[in-house]
Peer 1: 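Handing you a structure now.
Each chain gets a letter, A, B and so on, in the order the sequences are listed, and its residues count up from 1.
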Protein chains: 2
Amino acid sequence: MSAPPGGPRRRLDEDRRRAQIITAAVEVLDEVGYGAATLTRIADCAAVSKGLIWHYFTGKDDLMTAVAESTLTTLTDGIADGLDRTAPVPDVLRSALRGAADLSRTHRKELNALYRIVHNLHGPDGTPKMTLAFYETTYQAQENLFRRGQVEGSLRDFDTRVMAVTYQGAVDMMLGYLNEHPETEPRAYADALADLLLNGIERS
Amino acid sequence: MSAPPGGPRRRLDEDRRRAQIITAAVEVLDEVGYGAATLTRIADCAAVSKGLIWHYFTGKDDLMTAVAESTLTTLTDGIADGLDRTAPVPDVLRSALRGAADLSRTHRKELNALYRIVHNLHGPDGTPKMTLAFYETTYQAQENLFRRGQVEGSLRDFDTRVMAVTYQGAVDMMLGYLNEHPETEPRAYADALADLLLNGIERS
DNA sequence: AGATTTATTGACCGTATGGTCAATAGAGGG
DNA sequence: CCCTCTATTGACCATACGGTCAATAAATCT
């Protein structure tokens with residue numbers, strides 16, 4: 001009766017297609033938010049049929065997880081570049097904050113998409129799926145950095161765990177704020193924040 | 001054919017019913033998250049028929065907004081109590097942090113529910129509905145407090161806007177952390193955080 | 001007691017979504 | 001040149017959700 005299912009227009013390399021779909025997902029997530037980021041919309045944005053998504057991902061959750069992982073890698077790499085981890089700890093922190101602030105301009109969509117996934121992807125029980133283990137890794141990395149500073153004498157004594165959590169919150173808020181206030185200069189914010197945080201922990 | 005729609009079992013005062021539904025919504029939001037917080041579930045939890053919800057609210061968004069407002073009032077009142085705003089600024093900050101930390105034990109569900117709504121209630125375009133105006137109010141209140149401290153000489157000079165945003169982030173993270181790590185002593189965290197933040201801004 | 005109001009119900013509807021699948025066509029191997 | 005493999009498609013499905021509404025009975029009014 002109806003037209004038979006058409007074959008492919010163009011065949012593409014597997015990895016490329018995956019990346020293409022993920023990119024489209026980032027775009028859509030950034031534009032309409034998580035709830036409205038329907039698979040139909042994503043497929044449309046990727047100029048691909050909806051059915052194809054299940055050829056590359058096992059479902060929506062799987063796709064979103066993949067997007068989150070991919071995006072997170074991109075972002076952390078973005079910060080890691082041009083960061084000399086062997087420098088004095090205060091300098092590392094300043095650079096890291098600047099790097100993060102820059103992301104708000106160079107990777108706006110990715111930040112937005114990741115933010116949305118993290119805050120929306122729940123397990124069946126309602127437990128957030130990413131947040132916990134997600135942050136725990138960076139907490140420990142930060143704590144190591146702080147402890148190094150304390151050992152080296154550049155930082156005074158303080159609760160490294162609380163500081164790591166606070167630092168993460170400060171960065172998150174900075175990114176959110178820069179996103180909502182495009183008129184704010186990222187570097188200026190980053191430097192002001194560095195002053196605040198370092199004043200609290202630097203050995204005077 | 002089918003049983004006719006039954007009348008009410010028990011009539012209840014209007015305000016009570018509203019409150020009852022809102023309470024149920026908080027419960028459900030806390031338990032299963034925003035996406036799974038369906039009106040059917042909320043109605044069940046409130047031991048009320050689904051249709052009744054539209055008698056008190058114009059729709060899901062309206063209900064969620066009402067829940068957010070109600071919850072926010074409860075929480076801010078909870079902090080405001082036992083807070084002497086005329087005290088020296090550093091003392092006010094310490095008290096406020098303790099008050100906030102205490103909420104993680106006394107108002108766990110409310111915090112969770114509010115968090116979920118704030119991060120999930122979008123407008124039709126995907127724009128978050130609450131976040132912006134929501135935070136802006138508290139930013140200004142915080143900035144006023146910081147400026148008072150600067151005028152009075154208890155705080156050094158710093159960017160009050162960046163500090164307000166950072167402070168808010170620190171509190172949010174603290175609440176999230178305390179929620180996910182019940183073994184952590186709220187007061188201890190609050191005090192450690194106060195030390196960190198005040199060290200960064202207090203005039204030494 | 002009768003009339004009126006309205007809080008409450010359960011059945012119903014339209015829709016949009018995540019997900020399935022047989023059919024298809026292009027690429028590549030023999 | 002055929003045969004196999006598989007990336008790709010469009011039609012289809014089940015479902016669950018937000019939302020509507022006529023019917024009903026408890027309260028209230030007169």
Peer 1: I need the NZ-C1' distance between A:K60 and C:dA16, as an integer number of Å.
Peer 2: 12 Å

Peer 1: When you measure from every atom of DNA chain D, which of residues 40-52 of chain B have a heavy atom less than 4.0 Å away?
Peer 2: B:K50

Peer 1: Under the ring-ring contact (aromatic ring centres under 6.0 Å, His included) rule, collect the residues that match up with B:Y139, sequence neighbours excluded.
Peer 2: B:Y135

Peer 1: Measure CZ/B:R17 against P/C:dT6 and give the value in whole Å, please.
Peer 2: 17 Å

Peer 1: Side-chain N or O of A:H55 less than 4.0 angstrom from OP1 or OP2 on D:dT8?
Peer 2: no

Peer 1: Name all residues meeting the ring-ring contact (aromatic ring centres under 6.0 Å, His included) criterion together with A:H55; count only those two or more places apart in sequence or in a different chain, and write none if there are none.
Peer 2: none

Peer 1: Between the side chains of B:Q150 and B:R147, does any donor sit under 3.5 Å from an acceptor?
Peer 2: no

Peer 1: Salt bridge or not for B:E31 and B:R108, using N-O below 4.0 Å?
Peer 2: no

Peer 1: Quantify the bending of the helix from C:dA1-D:dT30 to C:dG30-D:dC1 as the angle between its end axes, each fitted on five pairs, to 10°.
Peer 2: 0°

Peer 1: Examine C:dA7: is either OP1 or OP2 under 4.0 Å from a nitrogen or oxygen in the side chain of B:Y56? Give yes or no.
Peer 2: no

Peer 1: Provide a list of protein-nucleic acid N or O atom pairs under 3.5 angstrom, restricted to nucleotides 14-16 of chain D.
Peer 2:
none

Peer 1: Does the side chain of A:L114 reach to within under 4.5 Å of the side chain of A:L75, using non-hydrogen atoms?
Peer 2: yes

Peer 1: If you assign A:G59 and B:I53 each to the DNA chain C nucleotide with the nearest heavy atom, which residue ends up on the more 5' nucleotide?
Peer 2: B:I53

Peer 1: Using heavy-atom distances to pick each residue's nearest nucleotide on DNA chain C, tell me which of A:A36 and A:T58 is more 5'.
Peer 2: A:A36

Peer 1: Which is it for B:L103 and B:E110 under the side chain to side chain contact (heavy atoms under 4.5 Å, CB included) test, yes or no, and what are the steps along the way?
Peer 2: CA-CA 9 Å; B:L103 288 182; B:E110 286 83 353; over 6 Å; no

Peer 1: Listed by chain and number, what are the ring-ring contact (aromatic ring centres under 6.0 Å, His included) partners of B:F57, not counting sequence neighbours?
Peer 2: none

